[in-house]
Amino acid sequence: MDWPTTTAEAQALQTQLAAQVLTQDDLALVDVNYVAGVDVGFVAGNRVARAAIAVLSYPDLQLREQSLATLPVTFPYIPGLLSFREIPVILCALNLLQRLPDLLLCDGQGLAHPRRCGIACHLGLLTQIPAIGVAKSRLVGHHAPVGENRGDWQPLMDKSEDKSETLGAALRTRPGTNLLYISPGHRISLETSLAYVLHCTRRYRLPETTRFAHKLASSPPPPLTL
DNA sequence: GCGACAG
DNA sequence: ATCTTGTCGC
C-alpha cells in the first residue's frame, strides 16, 4: 500500500501499522546521545509545509544539528490523520541530517490515538527510530486531575467502559501551565517516555527539543525558489 | 442526532 | 497550524 489519498485508505493503513508498534524499550535506549525535536509549520496560506528537525546532545541538550525542508501540502488536516499531512515533509528533513538521532520527540500523539497510531507511531515505524508522542492537547482518552508540581502525572485511559487500557499520560512539566500529553510512539515504554520528556524539559513547559524545532519551523520566512 | 476533535 | 496587543502575575 503506497501513500493514502482518501480517509478510508489512511485509516486502514493506521490499523495495519498499529499492529507493528512496539511498547517495549528498545535496547538502543541504553545509550542515547542525540535526541531530536520534530515540528512542522505551514506557509503560503497553508499550502506549503515546512518541517524542522533540531538534534540536541543528550543529556546536556545542546543544539548539534538542524535541518529544514519544505513540500507542497497534499493532505488536509483531519483529527486522527495528522501524520498523512506532516510525515512526507518530515522525512525530507530527516534525509538532510548527517547523522540520525537516537530518539525522536514528535509534536502530537503516539499511542493515544483512535486507532493507536498517532504521528509518533507512524514516524517511528517508518524510520525505526525510537519515538515519543508529545502533544500539547488531548485527542482521545481521559484522566484524573493532575497535581500542580513538575513531574506529576496521571494515566490517560481509553474511554471504553470495560476494556480500559492505558494509552499514555497527562504530564505536568511546569507549575501553572497546561498539561502535556505523552504517549509511546515506537520502541519505547510509557515510563521511559515520561523520563525522557522530563529530562528534556528545563525552564519551560515544552521540551528543549520541541522548542528549538518550533523556532526553526516558524521563524524565517519561507525560502524562495526563483 | 449531538458533541469531540493532535497540528 | 495561523491571525495578533495588551495585560495579568511571579
Side-chain angles (χ1 to χ4, degrees), chain A residues 4 7 10-11 13-14 17-18 21 37-54 68-93 104-125 131-143 148-150 156-161 167-186 190 193 197 202-207 209-222:
Chain A
T7 61
Q11 296 178 333
L13 178 54
Q14 290 182 324
L17 292 174
V21 170
V38 181
D39 190 40
V40 178
F42 296 87
V43 296
N46 280 355
R47 292 184 302 179
V48 174
R50 198 145 173 282
I53 296 180
L68 223 41
T70 58
L71 212 58
V73 169
T74 61
F75 207 94
Y77 168 67
I78 299 173
L81 300 181
L82 176 67
S83 63
F84 298 98
R85 177 177 172 80
E86 303 193 342
I87 278 189
V89 67
I90 289 176
L91 292 179
C92 288
L104 299 173
L105 294 214
C106 310
D107 270 42
Q109 317 292 339
L111 266 188
H113 177 279
R115 289 166 291 283
R116 312 295 180 258
C117 189
I119 190 169
C121 298
H122 202 153
L123 192 57
L125 284 168
I132 301 173
V134 181
K136 296 182 291 298
S137 61
R138 185 190 64 81
L139 177 59
V140 296
H142 294 77
H143 62 83
E148 301 299 301
N149 302 312
R150 165 178 165 80
L156 182 62
M157 309 295 288
D158 174 85
K159 184 177 174 63
S160 298
E161 293 296 337
L167 304 176
L171 173 70
R172 182 83 65 194
T173 53
R174 181 185 170 156
T177 66
N178 291 301
L179 301 167
L180 237 41
Y181 293 82
I182 311 304
S183 58
H186 187 45
L190 174 59
S193 295
V197 170
R202 295 198 176 313
R203 189 188 177 199
Y204 302 93
R205 174 171 82 124
L206 298 174
T209 44
T210 302
R211 300 184 69 248
F212 271 110
H214 188 39
K215 184 185 311 174
L216 291 174
S218 54
S219 285

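Each chain gets a letter, A, B and so on, in the order its sequence line appears, and its residues count up from 1. Fair warning: this is a prediction, and the values are worked out from it, not measured in the lab.
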Any side-chain heavy atom of L167(A) sitting closer than 4.5 Å to one from Q109(A)?
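In short, these two side chains do not touch, never coming nearer than 4.5 Å.
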Is there side-chain contact between I87(A) and I119(A), with at least one heavy-atom pair below 4.5 Å?
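The answer is yes; the side chains approach within 4.5 Å.
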What is the distance, rounded to the nearest whole Å, between atom [atom1] of [X] and atom [atom2] of [N]?
{"X": "H142(A)", "N": "dG3(B)", "atom1": "NE2", "atom2": "P", "value": "16 Å"}
{"X": "R50(A)", "N": "dG7(B)", "atom1": "CZ", "atom2": "P", "value": "19 Å"}
{"X": "N46(A)", "N": "dT2(C)", "atom1": "CG", "atom2": "C1'", "value": "7 Å"}
{"X": "E86(A)", "N": "dA1(C)", "atom1": "CD", "atom2": "P", "value": "9 Å"}
{"X": "Q109(A)", "N": "dA1(C)", "atom1": "CD", "atom2": "P", "value": "13 Å"}
{"X": "F42(A)", "N": "dA6(B)", "atom1": "CZ", "atom2": "P", "value": "14 Å"}
{"X": "R85(A)", "N": "dA1(C)", "atom1": "CZ", "atom2": "C1'", "value": "7 Å"}
{"X": "Y181(A)", "N": "dG7(B)", "atom1": "OH", "atom2": "C1'", "value": "16 Å"}

When all nucleic acid strands are considered with a 4.0 Å heavy-atom cut-off, which category describes [X]: base, sugar-phosphate, or nothing?
{"X": "G80(A)", "value": "base"}
{"X": "H214(A)", "value": "sugar-phosphate"}
{"X": "I90(A)", "value": "nothing"}

S83(A) side, atom OG; L13(A) side, atom CG - distance, nearest 0.5 Å
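Here the rounded value is 8.0 Å.
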On a heavy-atom basis, which atom in P184(A) and which in C121(A) lie closest, and how many Å separate them?
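Closest pair (atom of P184(A), atom of C121(A), distance): O-SG, 3.8 Å.
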Contact under 4.0 Å: [X] side-chain N or O vs [N] OP1/OP2:
{"X": "Y77(A)", "N": "dA6(B)", "answer": "yes"}
{"X": "S137(A)", "N": "dG7(B)", "answer": "yes"}
{"X": "K136(A)", "N": "dA6(B)", "answer": "no"}

Where the side chain of R138(A) is defined as all heavy atoms beyond and including C-beta, which of dC5(B), dT2(C), dA6(B) is the nearest nucleotide?
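Of the options given, the side chain of R138(A) lies nearest dC5(B).
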D107(A)/K136(A) salt bridge by N-O under 4.0 Å criterion
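Looking at K136(A) and D107(A), the cut-off is met.
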